[in-house]
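Letters A, B, ... are given to chains in the order of the sequence lines, protein chains preceding strands, and every chain is numbered from 1.
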Protein chains: 2
Amino acid sequence: MSEAATAFANYIAKLERRGAFAGEARAALLGVPVRIRHFGAYQDIVREGERPQESCFVESGLVSRYRTLPNGSRQIVSFHLPGDMVDLQSALVIVADHGIRTHVPTVILMIAHDDILRIAAEHPSVGRAFWFDTLVDAAIFREWTVNVGRRNTRERTAHLLLEFNARFAAIGMVRDGWFDLPVTQNDLADALGITPVHMNRTMQWLRGERLIRTHSRAVLIEDMAGMVALAGFDPVYLHPEGPRSAPDGV
Amino acid sequence: MSEAATAFANYIAKLERRGAFAGEARAALLGVPVRIRHFGAYQDIVREGERPQESCFVESGLVSRYRTLPNGSRQIVSFHLPGDMVDLQSALVIVADHGIRTHVPTVILMIAHDDILRIAAEHPSVGRAFWFDTLVDAAIFREWTVNVGRRNTRERTAHLLLEFNARFAAIGMVRDGWFDLPVTQNDLADALGITPVHMNRTMQWLRGERLIRTHSRAVLIEDMAGMVALAGFDPVYLHPEGPRSAPDGV
DNA sequence: CGAAGTTTTGAGGACCTTCAAAAGTTGTGG
DNA sequence: CCACAACTTTTGAAGGTCCTCAAAACTTCG
């Protein structure tokens with residue numbers, strides 16, 4: 001472990017808050033070999049169809065996962081903030097069915113799949129924590145399906161901004177209500193399944209209704225109650241409460 | 001284990017094809033207590049917001065998971081066929097963020113969360129198999145997000161029908177190209193994020209182009225190449241190849 | 001300070017929705 | 001086993017949301 005990897009230590013602490021690790025589990029995780037990689041903005045970490053040997057963890061910066069369709073359009077399926085394990089799933093899945101790329105300069109910790117699987121097998125409490133992380137991932141995907149399937153553009157945009165607000169707040173990156181969202185309207189459109197032109201008009205509408213404020217890439221939820229009502233936002237799907245604990249005797 | 005639970009035995013065999021179980025893992029799974037429940041059509045198995053104590057497995061029939069929005073519209077986020085574990089995820093997650101209901105008369109095996117977690121902890125090879133099942137789940141959710149986000153109605157519908165065809169084929173429920181899809185156009189519309197009226201017109205278009213044939217609720221992919229091209233369908237996301245195997249020494 | 005990228009504006013049109021009602025199918029009780 | 005009710009599929013027409021194409025204004029960065 002490098003002393004630079006502060007977010008990773010926080011990640012382990014978060015896993016433990018969800019359920020204490022038994023015995024030497026924490027030491028095993030803290031001792032896992034990591035490879036630090038620095039990326040610029042808009043660089044691919046994993047390309048679609050690759051067979052990565054490592055999972056990646058966001059130490060700082062911002063990354064997204066995406067799929068590109070034959071017609072060239074792109075759908076972003078998730079964003080990942082500092083402290084997120086991006087693709088634990090690739091530890092078990094052989095072929096990546098999506099790509100991962102940065103949006104801003106980003107520091108990534110690469111962890112070998114073999115190490116992840118070994119620790120999960122040797123320490124059931126860690127295996128359960130990883131599994132839970134995957135479940136929260138799946139819950140967020142479900143919510144995104146609902147979002148693009150059943151909400152109009154205004155509701156959809158409000159919902160995504162509220163998700164960002166909640167997730168940035170959870171890692172202490174909201175100050176006086178403002179958080180930095182280094183994502184272009186083009187990329188937001190790719191996440192919401194709309195065109196950049198319509199994305200722009202929707203942002204203008206949200207500002208005009210005094211629901212949000214922006215300057216440069218910073219965002220403030222100005223009217224929280226109005227936004228929550230508009231989006232039908234219920235943060236349950238982010239599962240901040242952590243997993244059910246293990247049954248007795250485990 | 002009841003002798004009636006044939007699909008469950010097949011499920012265990014499927015997990016093993018993806019990676020052999022060590023020691024007594026298979027016996028532990030086969031010996032898990034199950035509660036058999038019979039449901040009629042359109043009955044709730046789990047309501048949104050409930051805190052279930054058991055996960056459910058589809059022995060026969062068809063179920064879907066859905067979210068209902070404040071405005072009353074519904075989004076179906078997944079369908080589950082015989083042989084599917086529907087909500088392994090609920091074993092770890094406390095509050096259900098979605099509902100589960102049947103579409104036709106259905107036999108469900110209920111398995112206590114404590115038993116699932118205990119077996120996963122005691123037998124790492126089973127824990128890994130469950131984790132992988134969750135990952136495939138998440139991959140399907142991602143693909144649905146892409147589907148509703150970036151494909152038009154015709155492509156979307158073709159994609160969903162191809163997914164059904166592939167999944168029914170995998171459990172031997174396709175005969176001469178035909179499979180039974182006991183889902184109304186209303187429910188298909190809820191899965192694809194469109195209105196029932198437009199769903200109907202899209203089905204008519206697919207039939208008119210001789211891409212599919214239907215009678216009653218049976219479906220035949222008449223022009224497979226045309227459908228695959230239209231939908232941009234790549235079954236990689238269904239991950240039929242199974243997970244990466246465990247590293248040496250585990 | 002110039003170049004590249006991002007946001008904004010305008011106008012026309014396609015896709016999908018909404019509302020309403022008819023036709024067809026399935027299931028159930030008398 | 002038929003008759004009726006409930007549900008599902010189909011049709012029509014008008015309208016709104018979102019897209020496409022094109023270009024201008026604004027920002028950021030080397």
Given that A:T184 and A:R150 both sit by DNA chain C, which one's nearest nucleotide is further toward the 5' end?
->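 Looking at DNA chain C, the more 5' nearest nucleotide goes with A:T184.
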Does some side-chain heavy atom of B:M173 sit less than 4.5 Å from a side-chain heavy atom of B:R175?
->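 They are not in contact (no side-chain heavy atoms under 4.5 Å apart), so the answer is no.
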Side-chain contact, heavy-atom cut-off 4.5 Å: A:L238 with A:V136?
->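 No. Closest side-chain heavy atoms not under 4.5 Å.
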Please name the residue in the list B:H80, B:R65, B:Q89 that meets the side-chain hydrogen bond (donor to acceptor under 3.5 Å, both in side chains) test with B:D137.
->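 That would be B:R65; it is the only one of B:H80, B:R65, B:Q89 passing the side-chain hydrogen bond (donor to acceptor under 3.5 Å, both in side chains) with B:D137.
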For a side-chain hydrogen bond (donor to acceptor under 3.5 Å, both in side chains) with A:Y66, tell me which candidate from A:D187, A:D44, A:D190 qualifies.
->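 Option passing the side-chain hydrogen bond (donor to acceptor under 3.5 Å, both in side chains) with A:Y66: A:D44.
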N/O donor-acceptor pairs under 3.5 Å from side chains in residues 156-166 of chain A, not counting sequence neighbours:
{"unit_1": "A:R156", "atom_1": "NE", "unit_2": "A:R151", "atom_2": "O", "d": "3.1"}
{"unit_1": "A:R156", "atom_1": "NH1", "unit_2": "A:L192", "atom_2": "O", "d": "2.6"}
{"unit_1": "A:R156", "atom_1": "NH2", "unit_2": "A:R151", "atom_2": "O", "d": "3.2"}
{"unit_1": "A:T157", "atom_1": "OG1", "unit_2": "A:T153", "atom_2": "O", "d": "2.8"}
{"unit_1": "A:H159", "atom_1": "NE2", "unit_2": "A:E143", "atom_2": "OE2", "d": "3.2"}
{"unit_1": "A:H159", "atom_1": "NE2", "unit_2": "A:R151", "atom_2": "NH2", "d": "3.2"}
{"unit_1": "A:E163", "atom_1": "OE1", "unit_2": "A:W144", "atom_2": "NE1", "d": "3.0"}
{"unit_1": "A:E163", "atom_1": "OE1", "unit_2": "A:Y237", "atom_2": "OH", "d": "2.8"}
{"unit_1": "A:E163", "atom_1": "OE2", "unit_2": "A:R167", "atom_2": "NH1", "d": "3.0"}

Would you call the rings of B:F8 and B:F57 parallel, tilted or perpendicular, where under 30° means parallel and over 60° means perpendicular?
->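 Perpendicular: the ring planes of B:F8 and B:F57 meet at over 60°.
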Map A:R154 and B:V197 onto DNA chain D by nearest heavy atom, then report which one ends up closer to the 5' terminus.
->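 The residue mapped nearer the 5' terminus is B:V197.
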Start at the 5' end of DNA chain D and walk down; is the nucleotide closest to A:S216 or to A:R156 reached first?
->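 It is A:R156 whose nearest nucleotide is closer to the 5' end.
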Provide, to the nearest angstrom, the distance between the [atom1] atom belonging to [X] and the [atom2] atom belonging to [N].
X      : N      : atom1 : atom2 : answer
A:I194 : C:dC15 : CD1   : C1'   : 16 Å
A:E155 : C:dT17 : CD    : P     : 14 Å
B:H198 : D:dC18 : NE2   : P     : 14 Å
B:R151 : C:dC15 : CZ    : C1'   : 18 Å
B:L181 : D:dT8  : CG    : P     : 14 Å
A:Y42  : D:dC29 : OH    : C1'   : 14 Å
B:N152 : C:dT17 : CG    : P     : 12 Å

Can you list, by residue number, the residues of residues 199-207 of chain B that have a non-hydrogen atom closer than 4.0 angstrom to DNA chain D?
->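 Close to the strand are B:N200, B:R201, B:Q204, B:R207.
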Phosphate contact ([N] OP1 or OP2) by [X] side-chain N/O below 4.0 Å:
X      : N      : answer
B:R217 : D:dC7  : no
A:Q185 : C:dG5  : no
A:T153 : D:dC18 : yes

Ignoring hydrogens and angles, state whether a donor on the side chain of B:E59 or B:T6 is under 3.5 Å from an acceptor on the partner side chain.
->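 Looking only at side-chain atoms, B:T6 and B:E59 do form a donor-acceptor pair, the distance falling under 3.5 Å.
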